[in-house]
There are 2 protein chains.
Amino acid sequence: MVEVTHLKREEQGTRDLRRAGLKVTLPRLRILEILEESDPHHLSAEDIYKDLLANDHDVGLATVYRVLTQFEGAGIVTRHHFAGGQAVFELDNGDNHDHIVCMKSGKVSEFKDPQIEERLIEIAEELGYSLTDHRIVLYGVYRDESDS
Amino acid sequence: MVEVTHLKREEQGTRDLRRAGLKVTLPRLRILEILEESDPHHLSAEDIYKDLLANDHDVGLATVYRVLTQFEGAGIVTRHHFAGGQAVFELDNGDNHDHIVCMKSGKVSEFKDPQIEERLIEIAEELGYSLTDHRIVLYGVYRDESDS
DNA sequence: ATAAATGCAAAGACTTTGCAGCGGC
DNA sequence: GCCGCTGCAAAGTCTTTGCATTTAT
């Protein structure tokens with residue numbers, strides 16, 4: 001069972017890479033896997049690098065950056081600059097959602113709102129632009145979470 | 001007339017600095033002035049630095065960064081990361097507007113939309129956050145502009 | 001076999017910091 | 001005169017690049 005699941009994911013990754021015209025290599029498959037399995041699926045290059053090392057996969061940090069940049073170009077991942085310092089990456093499912101970041105805990109949630117997207121297109125038009133993409137980042141304080 | 005205007009601005013800047021608990025120094029006044037006079041008022045530290053040098057004001061780039069960071073902390077300017085590489089700064093009038101960037105020319109326009117801001121507050125609430133701030137950057141292509 | 005991908009170390013872009021001296025108040 | 005501010009150069013952080021070697025196809 002576990003095996004089957006694992007193979008499936010690997011096949012999926014293989015297809016993604018082929019489609020992007022990239023060779024199917026171990027580092028790339030592993031990076032894809034890490035991105036898929038990560039829970040708060042926003043990882044920095046460093047995060048991914050550490051994960052690789054922790055699992056005895058000797059991949060250079062430079063390779064992680066190179067692969068992520070290629071993935072970005074291929075539309076496989078999206079790069080964000082939430083905090084300011086490090087860039088974070090997440091798989092791009094094509095749904096182009098937006099984010100809200102808790103200023104205390106760093107927790108990141110996602111959302112997608114058609115109403116807003118429609119209005120943004122209108123605004124762009126009014127200003128004389130054709131909208132091709134957008135980024136919304138909300139900053140707030142997450143409450144509840146049973147304190148913490 | 002010009003003199004009067006100039007003095008007025010300087011006094012204004014002086015007040016801004018005092019309010020922020022910062023000493024009123026020439027570099028700081030000049031940087032404020034540059035930010036006020038700039039047309040596409042989104043300048044990188046480097047832009048400001050070059051402007052200073054071009055006007056025979058020998059201010060170090062480090063000082064420009066330091067001053068801008070202090071201004072940011074004091075709420076005098078806002079820092080943005082549009083492109084990815086350099087940060088750009090603009091005076092913060094407290095209106096907290098958003099931006100749209102032309103992917104071809106780099107032209108930046110601003111807008112403010114109450115409808116969107118209202119909706120964003122709702123969205124944050126729905127997700128369990130109290131919204132404190134937001135950033136919206138639209139990417140598009142500016143048309144008209146008589147070609148270029 | 002061949003062109004692409006990787007690892008390492010070195011370089012780069014942008015920004016911050018340490019410290020001696022200068023400048024408001 | 002005091003303490004903060006500045007300039008310079010040096011260090012930092014994050015990311016990219018050059019090059020010899022390895023690897024997928």
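On a predicted model such as this, the values are computed, not experimentally measured, just so you know. Naming convention: chains lettered A, B, ... in sequence-line order (proteins, then strands); numbering from 1 in each chain. All values below were derived from every heavy atom in this structure, side-chain atoms included, with hydrogens, water molecules and symmetry-related copies excluded.
- The distance between the ring centers of B:F111 and B:H97 does not fall below 6.0 angstrom.
- Atom CG of A:L32 is separated from atom CG of A:L17 by 5.0 Å, given to the nearest 0.5 angstrom.
- Across the protein-nucleic acid pair, B:Y49 atom OH and C:dT15 atom P stand 14 Å apart, rounded to whole Å.
- The backbone N or O of A:S44 sits less than 3.5 Å from a side-chain atom of A:D47, completing a donor-acceptor pair.
- Listed nucleotides: C:dT17, C:dG7, D:dT25. Nearest to the side chain of A:V59: C:dG7.
- When rounded to the nearest whole Å, the span between CZ of A:R18 and P of D:dA24 equals 11 Å.
- Rounded to whole Å, atom C1' of C:dT15 lies 8 Å from atom CG of B:L61.
- Atom CG of A:L53 and atom P of C:dT6 are 15 Å apart (whole Å).
- Comment: A:E122 engages A:R119 in a salt bridge, judged by a side-chain N to carboxylate O separation of less than 4.0 angstrom.
- For B:L22, the listed nucleotide lying nearest its side chain is D:dC5; candidates were D:dC5, C:dA4, C:dT15.
- Ranking C:dC8, D:dC3, D:dA24 by closeness to the A:T25 side chain, first place goes to D:dA24.
- Distances were taken from every side-chain heavy atom of A:K23 (C-beta onward) to each of C:dT6, D:dG4, C:dA3; the shortest belongs to C:dA3.
- Put simply, CG on A:L52 is 13 Å from P on C:dC8, counting in whole angstrom units.
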(Q) Test side chain to side chain contact (heavy atoms under 4.5 Å, CB included) on B:E72 and B:Q70; report intermediate values, then the result. (A) CA-CA 5 Å; B:E72 185 188 19; B:Q70 291 163 332; over 6 Å; no
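- Using a 4.0 Å heavy-atom distance criterion, A:A87 is classed as a sugar-phosphate-only contact.
- Here D:dG7 presents its C1' atom at 16 Å from NE2 of B:H57, a figure rounded to the nearest Å.
- When distances are taken from the side chain of A:V24 to each of C:dA5, D:dT25, D:dG4, the shortest belongs to D:dT25.
- Rounded to a whole Å, the CG atom of B:D58 is 16 Å from the C1' atom of D:dC5.
- For B:L26 and D:dC5, the CG to C1' distance is 12 Å, given to the nearest whole Å.
- For D:dT15, the OP1/OP2 oxygens have a side-chain nitrogen or oxygen of A:Y65 closer than 4.0 Å.
- At a threshold of 4.0 angstrom between heavy atoms, the contacts of B:T63 include nucleobase atoms, whether or not backbone atoms are also involved.
- In this structure, A:T69 reaches the sugar-phosphate backbone alone: every heavy-atom distance under 4.0 Å involves primed, P, OP1 or OP2 atoms, never a base.
- Across all strands, B:R66 comes closer than 4.0 Å to base atoms (heavy-atom distances).
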